[in-house]
2 protein chains.
Amino acid sequence: MALFAGTFENKVDGKGRVSLPADFRAELPEDAGRFVYVFPSPKDDALEACDKPFLERMAAAIEEAPLFSEEEDDLGASIIAQARKAQIDETGRIVLPKDFMEFADISGKAVFVGRAARFQIWSPDRFEAHAKKARERMRGRTLTLKPKGGGQ
Amino acid sequence: MALFAGTFENKVDGKGRVSLPADFRAELPEDAGRFVYVFPSPKDDALEACDKPFLERMAAAIEEAPLFSEEEDDLGASIIAQARKAQIDETGRIVLPKDFMEFADISGKAVFVGRAARFQIWSPDRFEAHAKKARERMRGRTLTLKPKGGGQ
DNA sequence: TTAAATACCATGATATCCCATAGAAACCCA
DNA sequence: TGGGTTTCTATGGGATATCATGGTATTTAA
């Protein structure tokens with residue numbers, strides 16, 4: 001499974017073109033027509049992106065409707081409905097749809113944020129503010145991640 | 001599972017290159033494209049590093065929180081989003097990203113500290129101070145460590 | 001037939017690969 | 001067991017490939 005990690009800032013040109021960070025591209029299968037799915041984040045003022053397997057996983061979750069609340073069902077449906085396929089060109093760039101750029105307030109530069117199976121695309125300013133808040137919340141929170149197989 | 005043990009000090013050259021201690025390299029699987037994930041420690045003023053399985057376990061732990069929830073967001077943002085893939089070259093070196101070197105105040109030399117499933121990378125000075133404090137805390141404290149899996 | 005979207009080159013900066021070397025450790029064989 | 005030899009580790013430096021980015025040409029669509 002693709003594992004997107006790290007944070008990268010790239011330029012967005014007048015055509016809405018932006019390079020996908022090389023580390024992210026490396027996580028996508030060589031063969032398959034290279035593309036990612038992009039959709040507005042249901043929670044943040046940013047865009048989310050993922051590969052096909054991840055979107056399929058979400059779709060599968062929706063199929064099992066009884067297991068999920070109506071809320072989750074709606075959430076999944078709206079994601080699928082809004083998701084757009086973004087082709088990755090020869091030079092490793094995708095084109096951000098205009099309405100998506102407006103939604104996320106992106107112009108000039110975009111920040112790519114790895115989130116394991118998916119990644120986000122932020123306006124640099126908004127990301128800065130958001131990251132700051134997240135750090136503050138983390139401060140109070142004890143880090144008790146216990147990876148199986150025993151961390152420290 | 002990888003088991004990193006011991007403490008080693010290596011040079012960091014102008015390009016940010018530093019040799020991974022041979023003992024650490026030996027813990028990484030031959031086959032898989034050799035690399036480690038590096039990220040700023042959430043606790044210390046140092047860098048942490050681990051192999052892919054370990055990061056995947058952390059990602060899995062984070063995903064136990066509902067997708068798009070605040071908790072998932074904070075944890076993901078603080079670890080996955082910061083982790084960067086560091087390729088290990090033919091001579092056994094990795095490149096430390098500039099911003100990471102700044103964060104950990106590393107230049108010239110770096111100290112590798114084994115921490116079982118992961119390891120840390122310190123500035124020699126900071127590590128010295130940190131180790132001293134740790135020794136002081138240990139004094140007067142009863143050691144109660146119980147190896148899991150018990151009887152020999 | 002224009003505007004927009006897409007595919008196709010060009011380029012500087014950076015990162016990666018590759019070779020070279022000195023020293024340390026392991027080896028080995030009488 | 002000692003000396004000689006080989007191997008591996010850590011490190012330096014230069015050559016090369018890749019990345020991100022800008023621009024131009026060509027296709028598609030309205």
Side-chain angles (χ1 to χ4, degrees), chain A residues 4-30 32-38 49 84-102 106-114 119 121-124 127, chain B residues 4-30 32-38 47 49 83-102 106-114 119 121-124 127:
Chain A
F4 303 104
T7 301
F8 309 87
E9 179 170 316
N10 284 340
K11 271 196 177 180
V12 182
D13 71 12
K15 301 176 187 176
R17 291 186 303 184
V18 59
S19 287
L20 220 53
D23 280 7
F24 287 7
R25 288 203 303 267
E27 292 296 323
L28 301 167
E30 288 286 336
R34 316 189 97 209
F35 58 84
V36 292
Y37 289 97
V38 184
R84 238 167 287 173
K85 219 169 172 177
Q87 215 72 34
I88 302 172
D89 70 21
E90 290 301 312
T91 67
R93 285 184 284 201
I94 60 172
V95 178
L96 297 176
K98 281 202 188 64
D99 50 334
F100 279 11
M101 288 180 64
E102 269 175 43
I106 292 170
S107 69
K109 294 202 165 190
V111 177
F112 291 79
V113 185
F119 61 89
I121 310 175
W122 285 81
S123 130
F127 178 67
Chain B
F4 304 104
T7 302
F8 309 87
E9 179 170 318
N10 283 341
K11 264 198 178 180
V12 182
D13 72 13
K15 299 177 184 176
R17 292 185 302 184
V18 58
S19 287
L20 221 53
D23 282 5
F24 287 7
R25 287 204 304 267
E27 292 296 319
L28 300 167
E30 285 288 336
R34 315 190 97 210
F35 56 84
V36 292
Y37 288 97
V38 184
L47 303 176
R84 233 164 297 170
K85 213 171 176 176
Q87 215 75 34
I88 303 173
D89 70 20
E90 291 301 311
T91 67
R93 284 183 286 199
I94 60 172
V95 179
L96 297 177
K98 281 201 191 68
D99 50 333
F100 280 12
M101 288 180 63
E102 270 175 42
I106 292 171
S107 70
K109 294 205 166 191
V111 177
F112 291 80
V113 185
F119 60 89
I121 309 175
W122 286 82
S123 129
F127 178 65

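Naming convention: chains lettered A, B, ... in sequence-line order (proteins, then strands); numbering from 1 in each chain. Keep in mind it's a predicted model, so treat the numbers as computed, not measured.
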Exercise for the section: Quick one: sort the B:F119 and B:F112 rings into parallel, tilted or perpendicular, breaks at 30° and 60°. Expected result: tilted
Using a cut-off of 4.0 Å on non-hydrogen atoms, how would the nucleic acid contact of [X] be classed: base, sugar-phosphate, or nothing?
X	value
A:D89	nothing
B:I88	nothing
A:I94	nothing

Roughly, in whole Å, what's the span from [atom1] in [X] to [atom2] in [N]?
X	N	atom1	atom2	value
A:E9	D:dT21	CD	C1'	14 Å
A:N10	D:dT18	CG	P	19 Å
A:K109	D:dT21	NZ	C1'	12 Å
A:Q87	C:dC8	CD	C1'	16 Å
A:R84	C:dA5	CZ	C1'	14 Å
B:E90	D:dT16	CD	P	17 Å
A:F35	C:dT6	CZ	P	15 Å
A:F8	D:dT18	CZ	P	18 Å

Main chain of [Y], side chain of [X]: is a donor-acceptor contact present, judged purely on distance under 3.5 Å?
X	Y	value
A:R34	A:L28	yes
B:R17	B:I94	no
A:N10	A:S19	yes

Handout entry: salt_bridge(B:K85, A:E27) N-O dist < 4.0 Å
Key = yes
[options]: which one has an atom nearest the side-chain heavy atoms of [X]?
X	options	result
B:S19	C:dA15, D:dA10, D:dG14	D:dA10
B:R93	D:dT11, C:dT16, D:dG22	D:dT11
B:K11	D:dA10, D:dT11, C:dC17	D:dT11

Practice task
Check whether any side-chain nitrogen or oxygen of B:K85 sits under 4.0 Å from OP1 or OP2 of C:dT16, and answer yes or no.
Solution key: no
Exercise for the section: May I ask you to verify if any side-chain N or O of A:R25 is less than 4.0 angstrom from the OP1 or OP2 atom of D:dA20? Expected result: yes
Practice task
Please state whether the base of D:dT24 and the side chain of A:K15 form at least one donor-acceptor pair under 3.5 Å?
Solution key: yes
Fill in the blank from the handout: Between B:R17 and B:D23, the residue closer to the 5' end of DNA chain D by nearest nucleotide is B:D23
